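Contents: one structure, followed by commentary.
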Amino acid sequence: MIVYLQIIETAEERSKFEQLYLEYKGLMFHVAFDILHNEQDAEDAVHQAFIKIAENIKKIDDPICPKTHGYVVTIVENQSIDQYRKRQKQQTVELIDEMHGISVQYDSAGDLTKCILKLPARYREIILLRYHQGYTVREISKILGLSLPAAIKLDQRAKTKLKKLCEEAGIL
């Protein structure tokens, strides 16, 4: 949710967005999943929808009302349909998270390095580009040929997975 709150300017609008997020995130995922029939695609559609909502938060008067409910459902439906159409136009190859990337040698053999090396190739790639090489998410999106929201979501997933591996290793 921090990503979305960075888009919003005032504290009042942030509070309004928080209420909206907590109230509708489950419904939005359900609507997106009904259209896309894929959990990751549904998450991406919901993410895109929340970005649109955050950009247009000034148009929402009351975060929990039938009018807002309809607005939120319409946005997530449109995002899901757009994503579905894009997916139909492109030949898709299933991304395998466990696929091994280029073997990387590190000077340090610390616990964090071991956890990073346990990450799936795609996640390891974004962690290394972002935190080892110092690229911004916007630059990474261009390097990897992703949209900015997809790169933000990939970065978020990679950090979550790394945190989980660090907790399992007893680092955190």
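One-based numbering along the sequence shown. Since we're looking at a predicted model, the values are computed, not measured.
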Show the nearest heavy-atom pair for residues L119 and A158, with the distance to one decimal.
CD2-O, 4.2 Å
Measure the CZ-CG distance between F33 and N38 for me, rounded to the nearest 0.5 Å.
7.5 Å
For the student: nearest non-hydrogen atoms of Q83 and D44, plus distance
NE2-CB, 3.7 Å
Salt bridge check, K86 against D82: does any charged N sit closer than 4.0 Å to a carboxylate O?
no
Would you say I53 and M28 make side-chain contact, with heavy atoms under 4.5 Å?
yes
Hey, mind stepping through K142 and Y135 against side chain to side chain contact (heavy atoms under 4.5 Å, CB included) and telling me if it holds?
CA-CA 11 Å; K142 290 177 184 173; Y135 288 103; over 6 Å; no
Which heavy atom of K16 sits nearest to which heavy atom of I60, and what is that distance?
NZ-O, 2.6 Å
Measuring from D111:CG to I116:CD1, what's the distance to the nearest 0.5 Å?
11.5 Å
Is there a donor-acceptor pair closer than 3.5 Å between any side-chain N or O of R87 and the backbone N or O of L36?
yes
Should Y123 and I171 be regarded as members of a common hydrophobic cluster, given that ILVMFWY residues are connected when their side-chain heavy atoms come within less than 4.5 Å of each other, either directly or indirectly?
no
Are the side chain of Q48 and the backbone N or O of P149 linked by a donor-acceptor pair below 3.5 Å?
no
Could you tell me whether the side chain of T160 and the main chain of Q156 form a donor-acceptor pair under 3.5 Å?
yes
In terms of relative ring orientation, are Y21 and F50 parallel, tilted or perpendicular, with 30° and 60° separating the classes?
tilted
Distance, nearest 0.5 Å, that separates NZ of K118 from CG of L162:
11.0 Å
Enumerate the residue pairs fulfilling salt bridge (charged side-chain N to carboxylate O under 4.0 Å, His left out) with a member in residues 46-59, sequence neighbours excluded, ordered by first and then second residue.
E9-K58
Heavy-atom side-chain proximity of Q133 to L128 below 4.5 angstrom:
no
Rounded distance (nearest 0.5 Å) linking atom CD of E43 with atom CZ of R157:
4.5 Å
May I ask you to test the E125-L144 pair for a side-chain heavy-atom distance under 4.5 Å?
yes
Examine L22 and F29 and state if one hydrophobic cluster contains both, with Ile, Leu, Val, Met, Phe, Trp and Tyr joined whenever side-chain heavy atoms are less than 4.5 Å apart.
yes
Distance in Å, E139 CD paired with R130 CZ, rounded so as to fall on 0.5 Å steps:
10.0 Å
What is the distance from atom CD1 of I51 to atom OG of S147, rounded to the nearest 0.5 Å?
8.0 Å
Not counting sequence neighbours, which residues clear ring pair (Phe, Tyr, Trp, His ring centres under 6.0 Å) with H30? List them please.
none
Where C166 and L112 come nearest, the two heavy atoms and their spacing
SG-CD1, 3.8 Å
Scan the side chains in residues 67-80 for donor-acceptor partners under 3.5 Å anywhere in the protein, sequence neighbours excluded, and list what turns up.
| from | atom 1 | to | atom 2 | distance (Å) |
| --- | --- | --- | --- | --- |
| T68 | OG1 | D62 | O | 2.5 |
| T74 | OG1 | G70 | O | 2.7 |
| N78 | ND2 | T74 | O | 3.3 |
| S80 | OG | V76 | O | 2.8 |

Heavy-atom side-chain proximity of P120 to K161 below 4.5 angstrom
yes
Single-linkage hydrophobic cluster, 4.5 Å side-chain cutoff, I127 and I143 together
yes
